[in-house]
Amino acid sequence: MTISIYGDTGSGSFRRVLTAAKHMGIEFEHIPVDLLEGESQAPEFLTINPAGRVPVLVEGDTVISEASAINLYLAEKFDSPLLPKGDARYETIKWMFWAAEHWRVFSSYLFNERIGKRVMGVKEDPTMVEFIFNNIRANAAVLDKHLEDKKFIVGNQVTLADFDIAAPFSQMARTKLPYAEFPNIMAWQQRLLDEVPAWKETKQLLDHRMDSAFSAFGITF
Ligand SMILES: N[C@@H](CCC(=O)N[C@@H](CS)C(=O)NCC(=O)O)C(=O)O
């Protein structure tokens with residue numbers, strides 16, 4: 001049965017799934033959803049995901065939204081080491097939850113403040129930006145310490161947790177996230193780009209999509 005994955009290559013959440021699928025060598029069909037054209041809120045798309053967000057996977061009667069859930073589904077189905085066995089499996093899942101609750105949320109807020117508002121011609125709110133930066137720095141300190149003696153998030157092998165935690169880097173050039181203050185995080189991110197071809201490939205797709213879409217609004221970064 002065909003695996004269809006809905007998404008916009010400019011989306012960091014879609015990138016997590018696209019990277020995992022490419023890394024696993026899975027055959028799938030990409031169904032583009034143009035977020036800048038509002039296609040995620042179109043009635044046809046809302047029947048697939050009432051939350052109006054990408055990515056979504058459809059395989060026959062199976063419909064899964066949320067990038068982490070999709071990646072867990074794919075990694076289990078294809079028995080990929082991206083979801084290791086034994087204790088490392090739960091360490092991977094732990095960091096995926098951490099990424100959702102303590103990490104990506106603040107970079108999403110920053111994207112709304114710095115990019116979303118700019119597109120709408122609204123100024124960013126400095127109090128909100130300060131709150132976001134305080135949270136990002138506090139959580140980055142935890143992650144930086146964790147990465148002090150590790151190649152990837154869960155030891156020496158790349159897992160789904162790496163893609164979940166690395167996702168905010170997708171917009172760093174545009175939102176000016178303060179990760180450069182954290183040397184172990186920066187080294188890990190570079191390692192992912194150097195050692196995981198799919199991570200590098202999806203970065204190029206994302207940058208191209210973002211930069212060409214925003215230049216149409218007269219916005220450069
Ligand atoms: N928690 C979701 C987040 C998905 C999400 O926020 N997707 C954004 C793009 S990165 C989206 O589809 N936005 C469209 C909209 O809000 O209409 C996941 O991990 O998949």
Side-chain angles (χ1 to χ4, degrees), residues 3-23 28 30-59 62-76 82-83 92-120 122 132 135-136 139 153 159-175 177 198-199 202-214 217 219 221:
I3 295 177
S4 302
I5 305 175
Y6 291 71
D8 185 319
T9 50
S11 151
S13 301
F14 176 63
R15 183 183 177 198
R16 286 150 59 204
V17 171
L18 190 58
T19 303
K22 283 176 180 284
H23 185 81
F28 64 95
H30 170 208
I31 304 195
V33 178
D34 189 330
L35 298 185
L36 294 167
E37 291 292 329
E39 288 179 6
S40 51
Q41 301 300 323
E44 319 81 79
F45 185 75
L46 292 174
T47 61
I48 301 168
N49 183 10
R53 288 174 188 270
V54 296
V56 180
L57 173 146
V58 178
E59 185 185 20
T62 304
V63 180
I64 308 174
S65 56
E66 292 293 323
S68 301
I70 296 170
N71 278 350
L72 288 167
Y73 173 80
L74 292 175
E76 271 200 330
L82 286 176
L83 183 60
T92 301
I93 293 170
K94 177 193 88 175
W95 281 105
M96 291 169 81
F97 278 105
W98 182 88
E101 190 148 0
H102 303 294
W103 187 242
R104 284 193 313 274
V105 60
F106 298 109
S107 59
S108 298
Y109 290 158
L110 192 62
F111 186 86
N112 291 342
E113 284 299 317
R114 297 233 151 129
I115 314 294
K117 284 189 171 177
R118 200 164 155 196
V119 169
M120 290 184 295
V122 177
I132 293 167
N135 276 282
I136 289 174
N139 290 307
I153 299 292
T159 67
L160 293 178
D162 290 283
F163 303 152
D164 271 12
I165 297 177
F169 269 90
S170 306
Q171 306 296 357
M172 182 174 165
R174 288 162 281 274
T175 57
L177 286 153
W199 187 244
T202 56
K203 174 178 169 35
Q204 286 160 350
L205 288 171
L206 188 143
D207 285 340
H208 175 71
R209 164 76 176 137
M210 292 303 284
D211 294 340
S212 49
F214 284 108
F217 288 97
I219 296 177
F221 299 99

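Whatever order the structure lists ligands and atoms in, that order sets their numbers, starting from 1. Owing to the predicted nature of the structure, the values given are computational and were not obtained by experimental measurement. Positions are given from 1, in the same order as the sequence printed here.
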Tell me whether [X] contacts the main-chain N or O of [Y] through its side chain, where contact means a donor paired with an acceptor under 3.5 Å.
X	Y	answer
Asn112	Gly116	no
Glu39	Asp34	yes
Asp162	Thr159	yes

Does [X] reach ligand 1 with a nitrogen or oxygen that is under 3.5 Å from one of the ligand's nitrogen or oxygen atoms?
X	value
Ser11	no
Gln41	yes
Gly12	no
Leu35	no
Ser68	no

Atoms of ligand 1 close to [X] [distance to a heavy atom under 4.0 angstrom, numbered from 1]:
X	result
Ser40	14 (C), 15 (C), 17 (O)
Pro55	20 (O)
Arg16	18 (C), 19 (O)
Ala67	18 (C), 19 (O), 20 (O)
Glu66	1 (N), 2 (C), 18 (C), 19 (O), 20 (O)

Practice problem: Would you please classify the geometry between the Phe163 ring and the Trp199 ring as parallel, tilted or perpendicular, with 30° and 60° separating the classes? | Solution: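 Trp199 vs Phe163 ring planes: parallel.
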Quiz item: What orientation do Tyr109 and Phe106 show, parallel under 30°, tilted 30 to 60°, or perpendicular over 60°?
Solution: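 Tyr109 and Phe106: perpendicular rings.
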Quiz item: Nearest to atom 5 (C) of ligand 1 by heavy atom, Val54, Val33, Asp164: which?
Solution: Val54
Practice problem: Search all heavy atoms of Ile165 against all heavy atoms of Ala99 and return the closest pair with its distance. | Solution: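 Heavy atoms of Ile165 and Ala99 come nearest at CG1-CB, 3.7 Å.
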Practice problem: Could you walk me through whether Leu82 and Asn71 pass side chain to side chain contact (heavy atoms under 4.5 Å, CB included), step by step? | Solution: CA-CA 9 Å; Leu82 286 176; Asn71 278 350; over 6 Å; no
Practice problem: Mind running side chain to side chain contact (heavy atoms under 4.5 Å, CB included) on Gln171 and Leu206 for me, showing each step along the way? | Solution: CA-CA 9 Å; Gln171 306 296 357; Leu206 188 143; 4.0 Å; yes
